[in-house]
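To start, the structure under review is shown below, and the notes come after it.
Letters go in sequence order (proteins before strands), and every chain restarts at 1.
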There are 2 protein chains.
Amino acid sequence: MLNTRARVSKATVRRIPLYYRAVQQLQQQGVKRIRSERLSEIIHIPSATIRRDFSSFGELGKSGYGYSVDTLVDEFGKLLEVQDAENILLVGCGGLGAALIENNFRRNPDLNITMAFDIDSAKIGTEIGGVPVYDFRELAMRVTPDIKTAIIAVPSSAQPQVIPALEGIGIDAILTFAPQPVVCLPTTTIRYIDLTSELQSLLFTAHHQQLAE
Amino acid sequence: MLNTRARVSKATVRRIPLYYRAVQQLQQQGVKRIRSERLSEIIHIPSATIRRDFSSFGELGKSGYGYSVDTLVDEFGKLLEVQDAENILLVGCGGLGAALIENNFRRNPDLNITMAFDIDSAKIGTEIGGVPVYDFRELAMRVTPDIKTAIIAVPSSAQPQVIPALEGIGIDAILTFAPQPVVCLPTTTIRYIDLTSELQSLLFTAHHQQLAE
DNA sequence: AAATGTTTGTTAATCCATTCACATAGTAGC
DNA sequence: GCTACTATGTGAATGGATTAACAAACATTT
Ligand SMILES: NC(=O)c1ccc[n+]([C@@H]2O[C@H](COP(=O)([O-])OP(=O)(O)OC[C@H]3O[C@@H](n4cnc5c(N)ncnc54)[C@H](O)[C@@H]3O)[C@@H](O)[C@H]2O)c1
Ligand SMILES: NC(=O)c1ccc[n+]([C@@H]2O[C@H](COP(=O)([O-])OP(=O)(O)OC[C@H]3O[C@@H](n4cnc5c(N)ncnc54)[C@H](O)[C@@H]3O)[C@@H](O)[C@H]2O)c1
C-alpha cells in the first residue's frame, strides 16, 4: 500500500506529475520495464533522485530488474487520484481563462473545469468550450458541493475579493495567475503562477549568468 | 555599481521580480522608505531572506533607517535591464499563445512580443493584438536580429522541431509551456511552465498533506 | 554631541534536498 | 542450483537555502 507514512518532501511532490506522465507514455509505447538510469535520460532528473523519490512511496522496484511500468502507472495514478474526477471552477474568463477552459486539461480526463465565473455581462450567460459562464455574484448559488478546487485568472486587483468568496463556499485548493500575494485560510492550499516573474528571472539568468557549465 | 561579483543564488534570482514589482508599487504610492520587516508583510517573504537577498547586490540599505524605495526601484530595474526593451517572439498562436500576445506583459513596457509564428494557414497573415503572425517556415526570413528570446506555446509533440529552429536563428532564452523535456544547446537558457503538473502537485498537497501548520 | 533606539548585513546554526557509493537482493544464463 | 550480473534502496556526505540572532552602523531626539 502507498501509506508508508514517510514524509514526502516538497521537491518530490512537484516531481510526481512528471513521473506519472513519463510512465504513462512508456506504457502507451508498450514498454513493460524501466530502469532508473533510463528514466533519467527521458525526464532529465538524476537517477539517484528518481530512486529516492520512488522509495518514499514504498518499495516499488526490484533489485537487478528495475521497475514495472504498469506498477508505476498504477501507484502514481493512485497518488494523483486519477480514478475519481476532480471538478474545478474557474474565475475570470479573459484571454488566459478562456484558453485554460478551451484546453481543459484534455490530456488528463480526471481534471475537469466544469463551470466558470466572470463579472463582465458580455460574458455571463455564454459558454466557452461547452463550459457555462456564470455571474460571479451568483457563485454560492451556482457552485456544486463536489467542487473544492479553483483556478483564478482575474486581474491582480480583483484577487483580494475573489479568494475570500471562494473560501466561503468551501474551496480549499487554488491555482492563481494573479501574482498579488493574499492571506488565506490556513486550510487553503494556494499556488501562484507568475508568468511575468518567470520571464523576468529567465532573462536575468540568460543575461547575467551565461556561464552554462 | 551592481557588479559585486558575489554569486547570486538561483533562489534569489527567482525573487528579484517580486522585489521589483513590490518596490515599484510602493514608489507609486509615494512611499520613500521601507524596512525589511515591513516589506516582508507585503510580499510574504521572511525579512531575513529579504536582507540576505538584497545584500547580494551590494549594500543597498542603511542601518537604523531601512532602504530607500527609489534606490531599490533603481537597482532592481538595472538588474532586470528595464531601461532597454526586450523584444520577444512567440511560437504557437493557439488559445494560450493568443492570450499571451493580447496581454503582452502590458504592465512591463520593456517586455514586448513583437512577432508571432504558427503553421496553421488560417492564422498566418493575421494579426493578434497588433502583433503579426507569420508562417513558422519563414522564421529565419522574418526574425530581426534584436530578438534573442522566445516563448513557445505549441503542442508538446511539435516542440522538438521548434527548439532547434529557434536556436538556429540565435535565440538563447526560451520560456515554454510544452512540458516535453528537450535537449538544447549549452548556451540556451530554457524554462518550462508546466500548468498540468502545477495543478496536479497542488491537488496532491491539498489532499494528502492538509496538515497546514 | 551624547544617549537612545532602530535596522542593517552577516556569521553561525539549521533545515532541506541532492548526490555518492555500495551492501543487498534480486535477475538471467547456463 | 550455481555463478555472474544488475539495479534497487539507503546510509553517509555534500551542497544549497533559510532562519536566527546580534554586533556594528546609522538615525533620531534631546
Ligand atoms: N495573459 C498574460 O499573458 C498574462 C501575463 C502575466 C500575468 N497575467 C495575469 O493573469 C491574469 C489573467 O490575465 P488575462 O490576460 O486573462 O486578463 P484579462 O483582463 O484578459 O481577463 C480578466 C478577466 O477577469 C474578469 N474579472 C475581473 N474582475 C473579476 C471579478 N471580481 N470576478 C470575476 N471575474 C472578474 C474580467 O471581466 C476579465 O474577463 C491576470 O492577473 C494577469 O495579471 C496574464
Ligand atoms: N491551455 C492550457 O490550458 C494548457 C494546459 C496545460 C498545458 N498546455 C500546453 O501549452 C501549450 C499550448 O496550449 P494551447 O492550449 O494554446 O494549444 P493549442 O492547440 O490551442 O495551440 C497550439 C498552436 O500551435 C500551433 N502549432 C502547432 N505546431 C506548430 C509548429 N510546429 N510551429 C508553429 N506553430 C505550431 C497550432 O497551429 C496552434 O495554433 C501546449 O503545449 C499545451 O500542452 C496548455
On the ring face of Tyr65(B), is Arg33(B) found with NZ or CZ under 6.0 Å from the centre and within 45° of the axis? yes
Quick one about [Y] and [X] (side-chain donor to acceptor, distance below 3.5 Å, no hydrogens or angles considered), yes or no?
X         : Y         : result
Asp172(B) : Thr187(B) : no
Arg14(B)  : Ser201(A) : no
Thr196(A) : Arg21(B)  : no
Thr176(A) : Gln159(A) : yes
Glu86(B)  : Asn112(B) : no

Return the value, rounded to whole Å, for the distance between atom [atom1] of [X] and atom [atom2] of [N].
X        : N       : atom1 : atom2 : result
Leu39(A) : dA7(D)  : CG    : P     : 14 Å
Ile50(B) : dA20(D) : CD1   : P     : 13 Å
Glu37(B) : dA20(D) : CD    : C1'   : 12 Å
Ile34(B) : dT7(C)  : CD1   : P     : 11 Å
His44(B) : dT18(D) : NE2   : C1'   : 18 Å
Leu60(A) : dT10(D) : CG    : C1'   : 15 Å
Arg14(B) : dA17(D) : CZ    : P     : 8 Å

What nucleic acid atoms does Ser47(A) come within less than 4.0 Å of, heavy atoms only: base, sugar-phosphate, or nothing? nothing
Would you mind classifying the nucleic acid contact of Tyr67(B) as base, sugar-phosphate or nothing, using non-hydrogen atoms under 4.0 angstrom? sugar-phosphate
Please tell me whether Phe54(A) and Phe76(A) form a close aromatic pair, meaning their ring centres lie under 6.0 Å apart. yes
Quick one: which protein N/O atoms are closer than 3.5 Å to N/O atoms of nucleotides 26-30 of chain C? Pair and distance per line, please.
{"from": "dA28(C)", "atom 1": "OP1", "to": "Arg33(A)", "atom 2": "NH1", "distance (Å)": "3.0"}

Note, Thr144(B) side chain near Met115(B) side chain (heavy atom, < 4.5 Å): yes
Residues Asp70(B), Gln27(B); criterion side chain to side chain donor-acceptor pair (under 3.5 Å); working and verdict: CA-CA 7 Å; Asp70(B) 291 342; Gln27(B) 191 182 50; 2.9 Å; yes
Could you go through nucleotides 17-20 of chain C and list every protein N or O atom that sits under 3.5 Å from one of its N or O atoms, giving the distance for each pair?
{"from": "dT18(C)", "atom 1": "OP1", "to": "Arg15(A)", "atom 2": "NH1", "distance (Å)": "2.7"}
{"from": "dT18(C)", "atom 1": "OP2", "to": "Arg15(A)", "atom 2": "NH2", "distance (Å)": "2.8"}
{"from": "dT19(C)", "atom 1": "OP2", "to": "Thr49(A)", "atom 2": "OG1", "distance (Å)": "3.4"}
{"from": "dT19(C)", "atom 1": "O4", "to": "Arg52(A)", "atom 2": "NE", "distance (Å)": "2.8"}
{"from": "dT19(C)", "atom 1": "O4", "to": "Arg52(A)", "atom 2": "NH2", "distance (Å)": "3.1"}

